[in-house]
Amino acid sequence: MYFIGIDLGTSAVKLLLMDEKGEIKNIVSREYPLSFPHPGWSEQNPEDWEKAVKDGIPELIRDIDPKEVRAIGSGGQMHGLVVLDKDDNVIRPAILWNDGRTQKETDYLNQEIGKKKLTALTGNIAFAGFTAPKILWMKANEPENFARIEKIMLPKDYINYRLTGVHCTDYSDASGMLLLDVEHKKWSREMLDICGVREEQMPKLFESYEPVGTLTEEAASALGLSEDVLVAAGAGDNAAAAVGTGVVGNGGCNISLGTSGTIFISSDSFRVDSANALHSFAHADGGYHLMGCMLSAASCNKWWMDEIIGTTDYAAQQAGITDDMLGNNHIYYLPYLMGERAPHNDPAARSCFLGMTMDSTRQDMTQAVLEGVAFGIRDSLEAARNLGIDVKTSMICGGGAKSPLWRKIFANVLNIELTLPETEQGPGYGGAILAAVAAGVYPSVADATGKLVHVHGTEKPDSQIAARYEKKYQMYRKLYPALKSLFPDF
């Protein structure tokens with residue numbers, strides 16, 4: 001039997017076909033356009049997502065018996081606002097996670113409603129990328145469209161709705177809307193009132209591994225599948241990726257080193273970081289997780305290599321950085337190319353190099369970029385440690401994790417052991433695993449990941465290198481507070 005995982009990304013959808021043993025049988029990708037109608041805005045047409053999915057799945061299953069497909073699960077880009085009218089028509093393009101138009105609404109929520117009240121209601125404070133500020137923006141700037149809203153959903157939920165006819169979401173994705181009482185897993189009536197929306201406009205809530213329905217006749221025909229195929233609620237992309245790397249249950253950790261960088265810590269119980277440096281979200285395994293997200297991670301290295309040095313041979317630039325140089329570099333790099341989310345929540349933060357002298361080299365600066373990203377992730381790890389969470393080991397994934405040097409830097413900066421997953425297909429693999437649980441093939445997400453997720457290779461910290469980095473990190477953490485007041489002037 002087979003399971004389909006949908007990874008609904010910002011630039012493309014990646015479709016994955018997995019068998020019951022966890023082996024990937026086929027992968028198909030379909031791109032779609034991204035629009036920037038004004039500076040700082042980011043939008044997509046949800047109908048483009050649907051078209052990409054319905055175009056890609058027939059190709060995905062072309063070499064198998066379609067009757068062997070049991071279920072579909074998805075992981076999707078979070079926070080995007082999708083709104084439908086009473087006739088199920090998309091009212092306006094989706095406002096995406098990386099859209100920056102809502103600073104006024106975010107400030108209103110954090111300053112006038114107040115961070116303390118938001119945290120009490122939802123477990124989180126407002127960020128410009130979250131869904132609630134987008135709803136407030138639409139209410140203020142597009143009142144006619146706002147009045148037409150019949151259904152509110154997130155990107156992957158639009159796909160599930162088009163597949164099943166069920167208006168649904170899961171707790172992990174809903175956690176990033178700033179409308180969910182995350183601890184009690186229900187919509188916050190007070191937050192809905194603040195945003196001027198009704199509970200009947202909101203999707204029905206499910207655990208990520210629960211089936212929400214089966215394919216409609218129309219969807220089954222378009223995909224070439226049976227109407228009996230189950231559709232799981234799925235998860236937000238980070239929670240789905242965590243399932244795909246086996247980070248479930250209490251105390252699991254995953255570091256994702258992609259365009260942005262995240263540290264994801266799973267927990268059986270709900271926790272809130274009093275400093276609001278970390279997000280407190282529900283997890284796809286039925287529990288909870290803490291997450292710190294830095295906006296520029298591997299993108300820092302790409303910027304440095306592509307735009308500044310002018311090369312695509314990243315490995316060659318890293319080749320001369322030896323173990324004796326680690327922790328001994330006198331240059332510091334702040335990784336705030338797009339402002340910063342965790343732990344500073346400062347859109348005005350800017351990237352910079354500090355500590356350069358006449359003997360500084362390009363290699364020193366390359367090393368500093370890699371170290372600065374690792375220090376940025378450590379900031380979020382320290383916020384978790386302040387809650388009494390003792391992280392001793394973590395999975396690491398994403399494009400940046402393919403660099404042996406960067407893995408070594410991370411292991412020593414964080415002073416923990418890092419493990420590489422054998423299969424790294426991110427949210428799509430996690431979505432397929434959730435589909436298998438929804439179909440009853442596995443009794444729980446933990447049982448499924450225990451059998452399907454395997455690791456290859458570990459990176460252990462070296463005590464001497466880690467000690468050097470400890471001193472360097474203590475200096476690094478002084479830099480942002482010292483420069484914070486200057487950033488808005490740039």
Side-chain angles (χ1 to χ4, degrees), residues 119 123-124 172 175 182-183 238-239 241-257 261-294 297 326-327 341-344 371 373-398 401 406-421 444-446 449-450 453 455 457-478:
T119 301
N124 298 278
S172 75
S175 297
V182 177
E183 181 178 10
N238 286 294
V243 170
T245 57
V247 178
V248 301
N250 198 50
C253 184
N254 181 53
I255 294 167
S256 178
L257 199 51
T262 59
I263 181 167
F264 183 109
I265 302 170
S266 60
S267 175
D268 290 340
S269 59
F270 177 75
R271 297 171 182 253
V272 173
D273 167 28
S274 60
N276 298 120
L278 304 175
H279 303 320
S280 298
F281 287 173
H283 191 9
D285 64 353
Y288 298 91
H289 72 270
L290 291 166
M291 185 176 70
C293 177
M294 58 187 299
L326 302 184
R341 193 154 154 181
H344 306 306
E371 291 169 340
V373 174
F375 288 144
I377 288 290
R378 169 133 181 212
D379 279 343
S380 291
L381 178 60
E382 290 303 312
R385 285 171 171 165
N386 289 338
L387 290 173
I389 298 171
D390 185 18
V391 176
K392 295 185 182 302
T393 183
S394 176
M395 301 291 284
I396 186 167
C397 64
W406 216 350
R407 293 198 304 268
K408 181 174 291 187
I409 288 172
F410 260 87
N412 286 286
V413 166
L414 305 181
N415 200 16
I416 60 175
E417 182 177 296
L418 301 177
T419 305
L420 292 163
S444 68
V445 176
T449 57
V453 178
V455 301
T458 58
E459 188 73 52
K460 297 182 179 181
D462 177 281
S463 59
Q464 292 184 342
I465 299 174
R468 297 199 297 263
Y469 271 128
E470 181 62 31
K471 292 180 181 178
K472 193 168 173 65
Y473 174 69
Q474 296 307 322
M475 178 62 178
Y476 170 89
R477 67 190 306 184
K478 298 176 184 178

Report yes or no: does R477 contribute a side-chain atom to a donor-acceptor pair with the main-chain N or O of D379 at less than 3.5 Å? no
Would you list the atom pairs, donor with acceptor, under 3.5 Å between side chains in residues 406-416 and any protein atom, with sequence neighbours excluded?
from: W406; atom 1: NE1; to: L370; atom 2: O; distance (Å): 2.9
from: R407; atom 1: NH1; to: A401; atom 2: O; distance (Å): 2.8
from: K408; atom 1: NZ; to: D323; atom 2: OD1; distance (Å): 3.0
from: K408; atom 1: NZ; to: D323; atom 2: OD2; distance (Å): 3.3
from: N412; atom 1: OD1; to: D462; atom 2: N; distance (Å): 2.7
from: N412; atom 1: ND2; to: K408; atom 2: O; distance (Å): 2.8

Check step by step if side chain to side chain donor-acceptor pair (under 3.5 Å) holds for S256 and N238. CA-CA 9 Å; S256 178; N238 286 294; 5.4 Å; no
Please state whether the rings of Y476 and F375 are parallel, tilted or perpendicular, taking 30° and 60° as the class boundaries. tilted
What's the shortest heavy-atom distance between I377 and G261, and which atoms? CD1-C, 3.9 Å
Looking at Q464, I'd like to know if its CD atom is crowded, meaning that more than 12 non-hydrogen atoms belonging to other residues, nucleotides or ligands lie closer than 6.0 Å. no
Rounding to 0.5 Å, atoms NZ (K472) and CD1 (I465) come to a distance of 13.5 Å
Considering non-hydrogen atoms only, spot the tightest contact between G246 and T449 and give its length. CA-CB, 4.0 Å
Distance, nearest 0.5 Å, that separates OG1 of T393 from CD of E459: 11.5 Å
Before giving the answer on salt bridge (charged side-chain N to carboxylate O under 4.0 Å, His left out), spell out for R378 and E371 the whole-Å C-alpha distance, their side-chain angles and the decisive distance to 0.1 Å. CA-CA 10 Å; R378 169 133 181 212; E371 291 169 340; over 6 Å; no
Distance check, rounded to the nearest 0.5 Å: I255 atom CD1 versus T419 atom OG1? 10.5 Å
Could you give the distance from OG (S394) to CG (N254), rounded to the nearest 0.5 Å? 5.5 Å
Is the shortest side-chain heavy-atom distance between I389 and R271 below 4.5 Å? yes
Ignoring hydrogens, what is the shortest heavy-atom contact between G292 and S380? Give both atom names and the distance. CA-OG, 3.6 Å
Okay, side chain of N124, backbone of H279: is any donor-acceptor separation there less than 3.5 Å? no
Between V272 and S280, the two heavy atoms sitting closest are CA-OG, 3.5 Å
Would you say S267 and L290 make side-chain contact, with heavy atoms under 4.5 Å? no
For the pair Y288 and N250, evaluate side chain to side chain donor-acceptor pair (under 3.5 Å) and give the outcome as yes or no after the intermediate values. CA-CA 9 Å; Y288 298 91; N250 198 50; over 6 Å; no
Atom NZ of K460 and atom CG of L418: how far apart are they, to the nearest 0.5 Å? 12.0 Å
If you define the side chain from C-beta out and look only at heavy atoms, does anything of F264 sit under 4.5 Å from H283? yes
Is there side-chain contact between F281 and S172, with at least one heavy-atom pair below 4.5 Å? no
Check for a donor-acceptor pair, side chain of S266 on one end and backbone N or O of G249 on the other, with a separation under 3.5 Å. yes
N/O donor-acceptor pair under 3.5 Å between S175 side chain and A282 backbone: yes
If you compare all heavy atoms of G244 against all heavy atoms of V453, which two are closest, and at what distance to 0.1 Å? O-CG2, 3.7 Å
Sub-4.5 Å side-chain heavy-atom contact between V455 and P421: no
Specify the closest pair of heavy atoms between M395 and T245, including all atoms of both residues, with the distance to one decimal. CE-O, 3.4 Å
What I'd like to find out is whether the side chain of V391 reaches to under 4.5 Å of the side chain of I263, using heavy atoms alone. no
I'd like to know if the side chain of D285 and the backbone of V248 have a donor-acceptor N/O pair within less than 3.5 Å. no
